[in-house]
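Worksheet for the structure shown next.
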Protein chains: 2
Amino acid sequence: MVLDVTEVAGGPHDAVGFLLAQLGTVTARRFREVLTPLGIEPRQFAVLRLVAQSEGQSQQALGDSLHIAPSQMVSLVDELEQRGLVERRANPSDRRVRALHVTAAGRKTLAAAGRLAMEHETRLCEPLQPGERQALIAMLQRLAAAQGLHPGVHPGLDHGS
Amino acid sequence: MVLDVTEVAGGPHDAVGFLLAQLGTVTARRFREVLTPLGIEPRQFAVLRLVAQSEGQSQQALGDSLHIAPSQMVSLVDELEQRGLVERRANPSDRRVRALHVTAAGRKTLAAAGRLAMEHETRLCEPLQPGERQALIAMLQRLAAAQGLHPGVHPGLDHGS
DNA sequence: TATTGTTATACTCTATAACTATA
DNA sequence: TATAGTTATAGAGTATAACAATA
């Protein structure tokens, strides 16, 4: 999905909505670029982290948590598996489900991605004075809550709510 | 372009980058919905406003200002013209260019869109206390400037810089 | 009959490259 | 030859529906 917003007050540049949309797209694109050295996309990072956090879950259970459609989970996990970051294991009690587990390589990649993400965050917040970052986060979280957003859910996937 | 970001610090929910991407997508989607009663999209709103602001410019000049490719301007202006909001007039001195002008209906729609945008902005900023909105805007503008963003440029269109 | 994972299909967006008519 | 507008084409991304295996 593309991001298009052009809001207004006197001009768009002093509207919160416009600034959020503008910064949101750029931030997302930059983060995608940040991850490319690791060969994964932001959504795969999200899946990888969730798998590591609770191993053995089914694809669809993970997809529900991240608001990713089942058919999208397939190709997403396909690539993670091809890169050797994740394993699909059989579930003896229900042979339909594929239990997902992180490999050792997956944990290494996950750690590296976390470091890159932190660097990205630091770089993004560079223009803020100490203390401002926390104030900004508090305000953004209030706006997000008012919009009915769940804290941990990936934006581009969160189409319904 | 789609917005995918999943950032991290301890969790994604306390990262500025994640919150910006999440709020950016939602804000953009809501604004698109806000405009639907008028039958125009956010980008068409941007074009319409720019045409009204400086009449008689060529399509490509406007496209340059908004970072919209020439081929996209065509269908965008096509629809605006079909809805009777904009006119393509011939330029006697150079018969290749199409000078764009707003119609009376276009001005009415533009005014209505401006009102809807302001309502949208107000609704979005409802959770902020008086004064916080200005502080938020100031911080976001600083972040945007640090990312090299031009003030008036539409986010989804701003792919290069 | 319902569910997991998968495949196939269609639809939108975007990017690029041709093409025309003018210059 | 270069430029404004247009058209055509290909690629990504997304959403939906159909399908096989299993429950």
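Here is the naming used below: chain letters follow the sequence lines, and residue numbers restart at 1 for every chain. We use all heavy atoms of the structure for the numbers below, so side chains are in, but hydrogens, waters and symmetry mates are not.
For the pair B:Leu66 CG and C:dT14 P, the interatomic distance rounds to 14 Å; values are reported in whole Å. Rounded to an integer number of Å, the gap from B:Met73 CE to C:dA15 C1' is 17 Å. Between A:Gln44 atom CD and D:dG13 atom P the separation is 11 Å, expressed in whole Å. Separating the CG atom of B:Asp78 from the C1' atom of D:dA8 is a distance of 15 Å, rounded to the nearest angstrom. Between the CG atom of A:Asn91 and the C1' atom of C:dG5 there is a distance of 13 Å, rounded to whole Å. Rounded to an integer number of Å, the gap from CZ of A:Arg89 to P of C:dG5 is 15 Å. Rounded to an integer number of Å, the gap from A:Gln72 CD to C:dT9 C1' is 15 Å. At whole-Å resolution of the value, CD1 in A:Ile68 and P in D:dA15 are 11 Å apart.
When distances run from any side-chain atom of A:Ser58 to the nucleotides D:dG5, C:dG5, D:dA15, the shortest one goes to C:dG5. Checked against D:dA4, D:dG13, C:dT6, the side chain of B:Gln60 finds its nearest nucleotide in D:dA4. In the set C:dA23, C:dT6, C:dA15, the nucleotide with an atom closest to the side chain of A:Arg98 is C:dT6. For A:Val97, counting side-chain heavy atoms from C-beta on, the closest listed nucleotide (D:dA23, C:dT4, D:dA15) is C:dT4. Ranking C:dT22, D:dT7, D:dT16 by closeness to the B:Ser71 side chain, first place goes to D:dT7. Candidate nucleotides C:dT16, C:dT22, C:dT6 were compared by shortest atom distance to the side chain of B:Asp94, and C:dT22 ranks first. The side chain of B:Arg96 has C:dA23 as its nearest neighbour among D:dA23, D:dT7, C:dA23. The side chain of A:Arg43 has D:dT14 as its nearest neighbour among D:dT14, D:dA23, D:dT6.
Residue A:Gln59 is classed as a sugar-phosphate contact, given heavy-atom separations below 4.0 Å to backbone atoms only. Base engagement by B:Val74 is indicated by at least one non-hydrogen atom pair under 4.0 Å involving a base atom.
Between B:Arg88 and D:dA4 there is no side-chain polar atom (N or O) within less than 4.0 angstrom of OP1 or OP2.
The pair B:Arg83-B:Glu79 meets the salt-bridge criterion, since a charged nitrogen lies less than 4.0 angstrom from a carboxylate oxygen. Remark: B:Arg142 engages A:Glu132 in a salt bridge, criterion side-chain N to carboxylate O under 4.0 Å.
Using modelled atom types, one side-chain atom of B:Thr36 and one backbone atom of B:Glu33 make a donor-acceptor pair closer than 3.5 Å. With hydrogens and angles ignored, the 3.5 Å screen pairs no side-chain donor or acceptor of A:Gln59 with any backbone N or O of A:Val77. The backbone N or O of A:Val26 lies less than 3.5 Å from no partner atom in the side chain of B:Gln147, so there is not a single donor-acceptor pair. Here the side chain of A:Gln44 pairs a donor or acceptor atom with the backbone of A:Glu41 at under 3.5 angstrom.
Here the straight-line distance linking atom OG1 of B:Thr122 with atom CZ of B:Arg133 works out to 7.5 Å at 0.5 Å rounding. Annotation: the span from A:Arg43 atom CZ to A:Arg32 atom CZ amounts to 7.5 Å, rounded to 0.5 Å.
End-to-end axis angle for the helix from C:dT1-D:dA23 to C:dA23-D:dT1, using five pairs per end and rounding to 10°, comes out at 30°.
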